[in-house]
*Asks:* 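Here it is, the structure in full.
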Amino acid sequence: MRPHVGHDHSGGDLDVRTWVHDPQGPAVLISGTYQVGGEVSRRLPAALPHVLRLPGDAWHGPLPALLSEEVVRDQPGQEIVLDRLLDLLLITVLRAWFSRPEAGPPGWYATRSGPVVRPALTLLHDDPAHDREPNTAAIVRVGIPRGQRESWWARSSGMSDACGTLRFMDDELVGTQSPQRRMTDPEEALALLERAVPGLTDLRRPARAVIDWAGVEEGLGTPLPSDVTHLAEWYPTFDIGGFLLVRLPEPGEEDRMVHGTRDTLATLAAAWSEPGLGLPIHPAPGGLLPWGESCDSDKFMWRTTGPTPQDWVVTVASRGGAWWHYAGGAVQFLAEYCAGLLEPWGLPPIDLEVLPS
């Protein structure tokens, strides 16, 4: 995070954080940048318009003036002071924005002060190691019956497992959707995805990457389907619409993908450990192996059944507890979901903007 401010410095030198476009201009601009990465960080931008305009009479506070005074100083600890002031300014602006009727604050913000959500979140924060399924522990301890936990938590908090919670997979199977023709050629599947998501090609590597697939296979205990290995050789991990994150191994960093997948498997295994919940988790025979996730806690996985990975089907576990199968590969699934060719079955319409992650 780096704040900058524009001032009228028509006389004298400018400090290292100040720039001037017009010394006689009437406007002063304070700017700051944040690095945004990961599921937690994406939730806030997704809840905001591309440009948020808050009129001066909509909120009041001393922070802009204080920040403009501090930004020109160069004393020990100044970067820390500026970072914290910018944090406070951002929080103040967001509070003022979300209090406005046109803002439509998301559930995870609007219900934080509720009589049940707040104690549950306090339990999560005070004792994060209490249970590998922390939302269950917290909800039980504030008195929500098991049969109502999933619908209550989704409705009340809007929290995802990236924020320390996990959805159950305890509803009945919705069904199976099948493509008109299952694509077995990885290049054909990737071309279909590139047509469905035109902006994706902006991330395409100039040359095919060399990835240690033997190391990935050893780390996961299985080879992966050829459509996804082909995708990973041409693309880095990417995010579609600020919603769906497709995790892919990076050259030289294959261990990160393996360890992340293992962590997700451990979390899923703990969350679905109660008898009768969901499906088995890899490496159990036919177990689920995740390849993507959404910021709303939807899980996109392979069901590892069939003679080879080319025969695996996609299983979607939605944030509401419903789950369903797609009898095709992951890349073809992405293409048909983004093209609007699938019944969403618990998934929202998806924005086709693509970002690296």
Side-chain angles (χ1 to χ4, degrees), residues 39 42-43 45-48 104 106-108 149-163 165-183 189-200 225 227-228 231 237-247 264 268 271-272 277-279 288-303 312-355 357:
E39 296 301 327
R42 271 193 293 272
R43 294 174 63 81
L48 298 172
W108 54 261
R149 293 175 204 160
E150 170 58 30
S151 60
W152 173 85
W153 190 258
R155 181 178 65 253
S156 300
S157 72
M159 294 276 285
S160 75
D161 61 335
C163 300
T165 70
L166 185 68
R167 305 301 184 206
F168 294 99
M169 189 175 172
D170 54 2
D171 287 354
E172 295 294 326
L173 172 69
V174 175
T176 299
Q177 298 189 53
S178 300
Q180 290 186 347
R181 176 179 64 88
R182 176 164 184 159
M183 293 183 176
L190 179 55
L192 183 68
L193 178 60
E194 289 174 337
R195 289 195 298 271
V197 187
L200 182 63
D227 63 332
V228 169
L231 175 67
T237 292
F238 58 87
D239 176 300
I240 304 177
F243 172 73
L244 201 168
L245 182 69
V246 181
R247 297 188 182 278
T264 301
L268 293 175
W272 296 339
L277 286 186
L279 295 173
L288 298 173
L289 181 61
W291 55 264
E293 60 188 323
S294 82
C295 63
D296 286 335
S297 191
D298 307 290
K299 297 294 183 186
F300 302 87
M301 301 168 284
W302 290 290
R303 189 179 183 190
W312 293 354
V313 300
V314 171
T315 295
V316 179
S318 74
R319 61 192 179 278
W323 55 285
W324 49 280
H325 301 308
Y326 171 80
V331 176
Q332 187 175 2
F333 167 86
L334 286 172
E336 295 197 351
Y337 174 37
C338 292
L341 300 178
L342 297 179
E343 289 293 329
W345 284 352
L347 297 178
I350 191 166
D351 184 345
L352 297 185
E353 180 183 11
V354 179
L355 298 171
S357 182

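The shown structure was predicted, so the numbers you read here are calculated from the model rather than taken from an experiment.
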*Asks:* Side chains of Leu190 and Asp227, heavy atoms from C-beta outward: is any pair under 4.5 Å?
*Replies:* no
*Asks:* Once the angle between the rings of Phe300 and Trp291 is folded into 0 to 90°, is it parallel (under 30°), tilted (30 to 60°) or perpendicular (over 60°)?
*Replies:* tilted
*Asks:* If you take all heavy atoms of Pro179 and Gln332, which pair is closest and at what distance?
*Replies:* CB-NE2, 3.3 Å
*Asks:* Considering all heavy atoms of both residues, which atom of Gly242 and which atom of Cys295 are nearest to each other, and what is their separation?
*Replies:* O-SG, 3.6 Å
*Asks:* So which heavy atom on Arg303 is nearest to which on His325, and how close?
*Replies:* NH1-NE2, 3.5 Å
*Asks:* Output the distance between atom CD1 (Ile240) and atom CG (Leu355), rounded to the nearest 0.5 Å.
*Replies:* 10.5 Å
*Asks:* Please give me the minimum heavy-atom distance between Pro290 and Trp302, naming the atom from each residue.
*Replies:* O-CZ3, 4.3 Å
*Asks:* Would you give the length of the straight line joining atom OG1 of Thr237 to atom CZ of Arg247, rounded to the nearest 0.5 angstrom?
*Replies:* 7.0 Å
*Asks:* Anything under 3.5 Å between a donor and an acceptor, one on a side chain of residues 333-343, the other on a protein residue two or more places apart or in another chain? List them.
*Replies:*
unit_1: Glu336; atom_1: OE1; unit_2: Tyr326; atom_2: OH; d: 3.1
unit_1: Tyr337; atom_1: OH; unit_2: Pro348; atom_2: O; d: 2.7

*Asks:* Give, for atom CG of Asp351 and atom CG of Asp239, the distance between the pair rounded to the nearest 0.5 Å.
*Replies:* 10.0 Å
*Asks:* Heavy atoms only: give me the nearest Trp323-Ala317 pair and the separation to one decimal.
*Replies:* CB-CA, 4.0 Å
*Asks:* Check for a donor-acceptor pair, side chain of Trp324 on one end and backbone N or O of Trp345 on the other, with a separation under 3.5 Å.
*Replies:* yes
*Asks:* Closest approach of Leu352 and Ala196, non-hydrogen atoms and distance?
*Replies:* CD1-O, 3.4 Å
*Asks:* Output the distance between atom OG1 (Thr264) and atom CE (Met301), rounded to the nearest 0.5 Å.
*Replies:* 10.5 Å
*Asks:* Below 4.5 Å, heavy atoms only, C-beta onward: do Val313 and Gln177 meet side chain to side chain?
*Replies:* no
*Asks:* About how many Å separate CZ of Phe243 and CD of Glu293, when rounded to the nearest 0.5 Å?
*Replies:* 11.0 Å
*Asks:* Given Leu193 and Leu231, is the side chain to side chain contact (heavy atoms under 4.5 Å, CB included) satisfied, shown in steps?
*Replies:* CA-CA 10 Å; Leu193 178 60; Leu231 175 67; 4.2 Å; yes
*Asks:* Which residues pass the side-chain hydrogen bond (donor to acceptor under 3.5 Å, both in side chains) test with Glu194, not counting sequence neighbours?
*Replies:* Arg204, Tyr235
